[in-house]
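Let me begin by presenting the structure, written as structure tokens, before commenting on it.
Chain letters run A, B, ... following the sequence lines, proteins first, then strands; residues in each count from 1. Values in this document were obtained by computation on a predicted structure and should not be read as measured data.
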2 protein chains.
Amino acid sequence: MSRVLVVDDDPHLLRALRISLRAAGYDVVTAPDGTTALRQAAAAHPDVVVLDLGLPDLDGTEVLAGLRPWFTGPVLVLSARADSHDKVAALDAGADDYVTKPFDMAELLARLRAALRRGTAEPGQAQVVTDHFTVDLAAKQVTVDGVPVRLTPTEWALLSELVRNPGRLVGQRELLQAVWGPAYERETNYLRVYLAQLRRKLEPDPAHPRYLHTEPGMGYRFLKDPPARASQRQ
Amino acid sequence: MSRVLVVDDDPHLLRALRISLRAAGYDVVTAPDGTTALRQAAAAHPDVVVLDLGLPDLDGTEVLAGLRPWFTGPVLVLSARADSHDKVAALDAGADDYVTKPFDMAELLARLRAALRRGTAEPGQAQVVTDHFTVDLAAKQVTVDGVPVRLTPTEWALLSELVRNPGRLVGQRELLQAVWGPAYERETNYLRVYLAQLRRKLEPDPAHPRYLHTEPGMGYRFLKDPPARASQRQ
DNA sequence: GCCGGGCGTCAGGATCGCGTCAAGACCACC
DNA sequence: GGTGGTCTTGACGCGATCCTGACGCCCGGC
């Protein structure tokens, strides 16, 4: 069951959305304004956020900016404004979809399904936990065996990029572009240096990585649960 | 630079889209009908597909069905029909977004950016499964009997090329060009060597391939479901 | 039965990519 | 102006990967 955070200041619409989403099998959390929304998002770990742009306290894009750094799930924006300029602004601010009011509930649900299908198989959680260390994407904090570890900005950028894609091979070009920018796509040196530093800080045995794996010639992969080594061949 | 496959039967709209997308920095490939679209999608490796539903030969949902599950990128559907029932159908068939004609070009580009930002599908969304092994195209991971197997970059490039075209004969020239580049179109040695390595790593009995078949003089074919033994010779 | 083309297999050597280390450049703060 | 931390850059050794050529087998044509 997926959890939806619905942010809207109109109590009637909020109620209608809650009922429809519950009926569709979602776990629903609501917030009437932007600050509550950000608090709820961090506390309730929703898989997806439905966000009305017309909030009393914060601008919709501010809420998006607050969610963006750590929230990996999709954000579906609701708005009364149909002007394409507004749509472009919201989508470029980090929204995944934009639906204008009044909307058809069946369509909204379908767009939610589509967003979730692509979104996160792993719930959009702010914390990634392994047997040895914990990465808190919202608080930007890493603890190894419960002890907080300091990471430099570059180390953090690299680690979060990997941790946001558990199990997926992240290409070296992809990593370099995300951390250093498009101009550094060939500096694979950087990856070697910083991966080594991360392993030294996080891995129980840096010489034999359990979590931060190298795929020679392709990229790196973060594995939450190391594969069983018993029947490994070759 | 991202590559976009645009599928539409209206030459004027196709031209307008090609110009706008080129100007926005995309590499554009086009197709006027469904069968061409499927062939182009397999050959050109687009990052995203813009798909008109009103095609002369195939229904839009058929094209979607042909694209999934091996195509990992987003599919943005264009349609003249604004009925919410159509939207729901397309979104549930695997589309990531639905834009009704006439559309605003700036909005379409923003929705494209949003779709591409989310990037490739989550692991597990684009899996090709056989009785013996699983190929996860999004995570770039292969497991044999549940055990992860390491593939070299060349092995992976070759395998994904075959797996993206299940059941279809992929020509030698096609494979060589996709993996090694146009200058190596005659080096059929490479294919023999690397196919052997793939079979050794994936096939239950490498000497008698069940999934990676050779078509002498033509090319190779990946079969998900091997034909029944009955009709087999001997 | 002979012959040739295409394929599978194998092994060795050249090359590439990775991990590691260390030193210099840069920056912010004191 | 000094100091500590962070980022860049280069060099080195080692293992993995890729390329290459040779050999034998199967099959279809002659």
Side-chain angles (χ1 to χ4, degrees), chain A residues 140 142 149-159 161-162 169-181 183-222 232-234, chain B residues 140 142 148-159 161-162 169-173 175-176 178-181 183-221 232-234:
Chain A
K140 291 202 178 183
V142 180
V149 170
R150 266 189 50 78
L151 293 187
T152 72
T154 308
E155 286 166 3
W156 174 259
L158 185 55
L159 178 65
E161 203 63 27
L162 284 169
L169 171 61
V170 189
Q172 28 196 25
R173 223 159 288 178
E174 208 175 327
L175 285 171
L176 287 164
Q177 178 158 350
V179 178
W180 283 274
Y184 293 77
E185 279 188 352
R186 310 202 164 270
E187 305 287 342
T188 56
N189 276 334
Y190 297 6
L191 293 179
R192 297 210 292 275
V193 172
Y194 279 95
L195 255 298
Q197 295 195 9
L198 284 176
R199 284 177 180 142
R200 212 173 307 140
K201 291 188 176 181
L202 303 182
E203 291 275 358
D205 180 7
H208 304 93
R210 264 181 80 172
Y211 304 102
L212 301 170
H213 294 268
T214 304
E215 305 274 347
M218 314 225 283
Y220 293 85
R221 187 197 307 272
F222 167 72
Q232 195 85 329
R233 214 162 48 86
Q234 262 217 358
Chain B
K140 284 210 168 83
V142 179
V149 171
R150 273 188 37 80
L151 293 187
T152 72
T154 310
E155 287 164 3
W156 176 261
L158 185 55
L159 176 64
E161 202 62 28
L162 286 168
L169 171 65
V170 188
Q172 306 181 332
R173 225 158 291 176
L175 283 171
L176 287 164
V179 178
W180 282 273
Y184 294 78
E185 280 188 349
R186 312 205 162 268
E187 306 286 343
T188 55
N189 276 334
Y190 298 6
L191 294 179
R192 297 210 292 276
V193 172
Y194 281 96
L195 255 298
Q197 295 198 8
L198 283 176
R199 285 176 179 142
R200 211 175 310 141
K201 289 188 176 182
L202 303 182
E203 291 275 359
D205 180 8
H208 304 93
R210 266 181 78 172
Y211 304 102
L212 301 169
H213 295 269
T214 304
E215 306 273 347
M218 313 272 295
Y220 293 85
R221 187 196 306 271
Q232 205 85 317
R233 208 169 39 83
Q234 281 256 346

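Between chain B and DNA chain C, the heavy-atom contact criterion of under 4.0 Å yields a 5' to 3' nucleotide range of dG6(C) to dC10(C).
Side-chain atoms of Glu203(B) come within 3.5 Å of backbone N or O of Arg210(B) as a donor-acceptor pair.
Atom CZ of Arg173(B) is surrounded by 12 or fewer heavy atoms from other residues, nucleotides or ligands within 6.0 Å.
Taking 4.0 Å as the cut-off between side-chain N and carboxylate O, Lys201(A) and Glu155(A) count as a salt-bridged pair. The pair Arg221(A)-Glu215(A) meets the salt-bridge criterion, since a charged nitrogen lies less than 4.0 angstrom from a carboxylate oxygen.
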Worked check of side-chain contact (heavy atoms from CB on, under 4.5 Å) between Tyr220(A) and Val170(A): CA-CA 5 Å; Tyr220(A) 293 85; Val170(A) 189; 5.8 Å; no
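In summary, the aromatic rings of Trp180(A) and Tyr194(A) are positioned with their centroids under 6.0 Å apart.
Judged purely by distance below 3.5 Å, without hydrogens or angles, the side chains of Thr214(B) and Arg199(B) pair a donor atom with an acceptor atom.
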Reading 5' to 3' through nucleotides 7-26 of chain D, protein heavy-atom contacts under 4.0 Å coded B for base, S for sugar-phosphate only, - for none: BBB-------SBSB------
